[in-house]
Engineer: 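Before we start, here is the structure in question, set down as structure tokens.
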Amino acid sequence: MMRHWYRRAATQGVVVSGQLWQPSGLLRMTTNCISSNRDELDAIFKQKRTLRTQLRKTLKAIDPSLRSQQDTAIQDIVLGAPWFKSSLRLCAYISCSALREVDTFKLLSHILQPQPNGGKKLYVPRVEDKNSHMRMLNISRLDDLVANSMDILEPAPVDADGNAREDVLQANDPVDILLLPGLAFDRSGRRLGRGGGYYDTFLKNYKDLAEARNWKQPLLVALSYSQQILDDGVIPVTSTDIPVDALVSPEGVIPISSAAFNRYH
């Protein structure tokens, strides 16, 4: 009898809370929702691709001398900021001139300078594969960096003595700040990357780790040329896009999140 009821329910539907429940109708609704979500994501990815093309042209058009001036101004602002001076452990990207990223070598050199009190600890990115897998490894000097197949500088997985470099995800202490690159940003914290998903994947993993260990979340600070800051709402986002806490442009620091406001004021 029970088997017969299930068979009838599956073909004719049953009344639940006064509504006729049709399994086939539910399946159609679910399929339509999935299709709608996929269409929405496809539209967002298309918008991002178009925006990336525009931003690459914008960056290419910046006069080299103006870009150099902005590089110096941005790094000087970071170096003079109390939140940077008080930080002990940082993750920072290695700038690539071919990608027209805000230069970070003045910052990196400063971070790596030996200090009587031990100074700061620095972790920099190493791309492991094409599946958005990136690690942040500890370096103690700029000579630790080698060019990869894309001619981008990154740390070798082992140091000069053959010892594996410390991965920030295996470190015993939290980082205070992550300095991030990007193609475009806005004043609400949206960030447009280059499409690989490396930083968003890493940031999610680190945020999960910090939460699991009851660590204070690090400040996510993006370095941006003036031309890369867009009007709010122009950058499309998905649920996997992680917003930044603050921007540093040649005009100064733009705090965005409450955590940033608390640190900057």
Engineer: For the atom pair CD1 (I229) and CG (L247), what is the distance rounded to the nearest 0.5 Å?
Structural biologist: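 Going from CD1 on I229 over to CG on L247, the span is 5.5 Å.
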Engineer: Can you spot which of Q228, R100, R67 makes a side-chain contact (heavy atoms from CB on, under 4.5 Å) with I62?
Structural biologist: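 Output: one option passes, namely R67.
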Engineer: Does the K120 side chain pair with the main chain of H110, one donor and one acceptor, at a distance under 3.5 Å?
Structural biologist: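 Such a contact is absent between K120 side chain and H110 backbone.
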Engineer: Could you tell me the separation between the CG atom of L223 and the CD1 atom of I74, rounded to the nearest 0.5 Å?
Structural biologist: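 It comes to 6.5 Å.
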Engineer: Between F105 and L112, is there shared hydrophobic-cluster membership here, with clusters defined by ILVMFWY side-chain heavy atoms closer than 4.5 Å?
Structural biologist: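 In one cluster with F105: L112, yes.
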Engineer: Do you reckon V146 sits in the same ILVMFWY cluster as L108, going by side-chain contacts under 4.5 Å, direct or chained?
Structural biologist: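 Result: no, two separate clusters.
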Engineer: Report yes if the side chains of E154 and V127 come closer than 4.5 Å at any heavy-atom pair, otherwise no.
Structural biologist: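 Yes, side chains in contact.
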Engineer: Compare all side-chain heavy atoms of L51 with those of L230 and state whether any distance is below 4.5 angstrom.
Structural biologist: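 Side-chain contact under 4.5 Å: yes.
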Engineer: Around E211, counting heavy atoms of other residues, nucleotides and ligands shown, do more than 12 lie under 6.0 Å from its CD?
Structural biologist: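 No, not enclosed.
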Engineer: Checking the side chain of Y225 only, and the main-chain atoms of E101 only, is there a donor and an acceptor separated by less than 3.5 Å?
Structural biologist: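 Judged by distance alone, yes, a pair lies under 3.5 Å.
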Engineer: How long is the span from the CG atom in D103 to the OG1 atom in T72, to the nearest 0.5 Å?
Structural biologist: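 Taking CG in D103 and OG1 in T72, the distance rounds to 8.0 Å.
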Engineer: Might you point out which heavy atoms bring L220 and I242 nearest each other, and give the distance in Å?
Structural biologist: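 Heavy atoms only, the tightest pair is CD1-CG2, 3.9 Å.
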Engineer: Could you walk me through whether R52 and L192 satisfy the side-chain contact (heavy atoms from CB on, under 4.5 Å) test, starting with their C-alpha distance in whole Å, then the side-chain angles of each, then the deciding distance to 0.1 Å, before giving a yes or no?
Structural biologist: CA-CA 8 Å; R52 287 187 183 104; L192 179 71; 3.9 Å; yes
Engineer: Can you establish whether the number of heavy atoms outside D151 located under 6.0 Å from its atom CG is more than 12?
Structural biologist: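 Check fails, neighbour count at 12 or below.
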Engineer: Less than 4.5 Å apart, any side-chain heavy atom of V253 and any of W83?
Structural biologist: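 Contact flag for V253/W83 side chains = yes.
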Engineer: Is there side-chain contact between L107 and L79, with at least one heavy-atom pair below 4.5 Å?
Structural biologist: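 When only atoms from C-beta onward are counted, L79 and L107 do touch, with a gap below 4.5 Å.
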Engineer: Check for a donor-acceptor pair, side chain of T104 on one end and backbone N or O of Y93 on the other, with a separation under 3.5 Å.
Structural biologist: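 Pair found, side chain donor or acceptor close to backbone of Y93.
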Engineer: Would a 4.5 Å heavy-atom cut-off, applied to side chains only, mark D200 and K204 as touching?
Structural biologist: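 Not touching, per the 4.5 Å side-chain cut-off.
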Engineer: Considering non-hydrogen atoms only, spot the tightest contact between P218 and D245 and give its length.
Structural biologist: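 The pair with the smallest heavy-atom distance is O-OD2, 3.7 Å.
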Engineer: L137 versus D144: any side-chain heavy-atom pair under 4.5 Å?
Structural biologist: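 L137 does not reach D144 side chain to side chain.
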Engineer: Please say yes or no: joined through hydrophobic side-chain contacts below 4.5 Å, possibly via intermediate residues, are I177 and L169 part of one cluster?
Structural biologist: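 Per the 4.5 Å side-chain linkage, I177 and L169 are co-clustered.
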Engineer: Looking at K216 and A210, would you say the former's side chain and the latter's main chain have a donor-acceptor pair under 3.5 Å?
Structural biologist: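 Such a contact is absent between K216 side chain and A210 backbone.
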Engineer: Do D208 side-chain atoms and N205 backbone N/O form a donor-acceptor pair below 3.5 Å?
Structural biologist: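 Looks like no, no N/O pair under 3.5 Å.
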Engineer: Quick check: closest heavy atoms across P250 and Q70, and the distance to 0.1 Å?
Structural biologist: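 Taking P250 first and Q70 second, the nearest heavy atoms are CG-OE1, 3.0 Å.
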Engineer: Could you walk me through whether Y206 and M136 pass side-chain contact (heavy atoms from CB on, under 4.5 Å), step by step?
Structural biologist: CA-CA 10 Å; Y206 193 85; M136 287 278 186; over 6 Å; no
Engineer: Measure the shortest side-chain to side-chain distance between D71 and V102 over non-hydrogen atoms and say whether it is less than 4.5 angstrom.
Structural biologist: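 When only atoms from C-beta onward are counted, V102 and D71 do touch, with a gap below 4.5 Å.
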Engineer: Can you see which heavy atom on I139 is nearest to which on P155, and at what distance?
Structural biologist: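 That closest heavy-atom pairing would be CG2-CB, 3.7 Å.
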Engineer: Among L219, L203, V221, exactly one meets side-chain contact (heavy atoms from CB on, under 4.5 Å) together with L178. Which residue is that?
Structural biologist: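 It is L203, the one option of L219, L203, V221 that forms the side-chain contact (heavy atoms from CB on, under 4.5 Å) with L178.
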Engineer: Would you mind reporting whether P243 and I256 have side-chain heavy atoms less than 4.5 Å apart?
Structural biologist: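 Contact flag for I256/P243 side chains = no.
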Engineer: Main chain of R89, side chain of D176: is a donor-acceptor contact present, judged purely on distance under 3.5 Å?
Structural biologist: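 Checked: pair present.
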Engineer: Please report the interatomic distance OG(S224) to CG(D186), rounded to the nearest 0.5 Å.
Structural biologist: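 If I round to the nearest 0.5 Å, the distance is 10.5 Å.
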Engineer: Look up atom OG1 in T201 and atom CG in N131, then write down how far apart they are to the nearest 0.5 Å.
Structural biologist: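 Here the rounded value is 9.5 Å.
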Engineer: Apply side-chain contact (heavy atoms from CB on, under 4.5 Å) to V175 and W215, showing your working.
Structural biologist: CA-CA 9 Å; V175 294; W215 286 345; over 6 Å; no
Engineer: Count the heavy atoms belonging to other residues, nucleotides or ligands that lie under 6.0 Å from CG of D129, then report whether that count exceeds 12.
Structural biologist: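 For D129, atom CG is crowded (more than 12 foreign heavy atoms under 6.0 Å).
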Engineer: Do L179 and L142 share a hydrophobic cluster (ILVMFWY, side-chain heavy atoms under 4.5 Å, transitive)?
Structural biologist: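 Per the 4.5 Å side-chain linkage, L179 and L142 are co-clustered.
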Engineer: Check D76 with K106, please: is the shortest side-chain N to carboxylate O separation under 4.0 Å?
Structural biologist: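 A salt bridge links K106 with D76.
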Engineer: Taking all heavy atoms of R56 and all of R194, pick out the closest pair and write down the distance.
Structural biologist: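 Looks like NH2-O, 4.0 Å.
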Engineer: Any link between L122 and L88 through a network of hydrophobic side chains (Ile, Leu, Val, Met, Phe, Trp, Tyr) touching at under 4.5 Å?
Structural biologist: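 In one cluster: no.
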Engineer: With rounding to the nearest 0.5 angstrom, report the CZ to CG distance, R190 to D241.
Structural biologist: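 Separation between the atoms: 9.0 Å.
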Engineer: Walk me through whether R38 and D42 qualify under side-chain contact (heavy atoms from CB on, under 4.5 Å).
Structural biologist: CA-CA 6 Å; R38 188 181 297 121; D42 287 344; 4.0 Å; yes
Engineer: How close do E166 and Y123 get, counting heavy atoms only, and between which atoms?
Structural biologist: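 Heavy atoms of E166 and Y123 come nearest at OE1-OH, 2.6 Å.
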Engineer: Closer than 3.5 angstrom, by distance alone: can the side chain of Q217 be matched with the main-chain N or O of K207 as a donor-acceptor pair?
Structural biologist: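 Yes.
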Engineer: Whether the side chain of S249 engages the backbone of S226 through a donor-acceptor N/O pair (distance < 3.5 Å, no angle test) should be reported.
Structural biologist: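 Flag not set: sc S249 to bb S226 has no pair under 3.5 Å.
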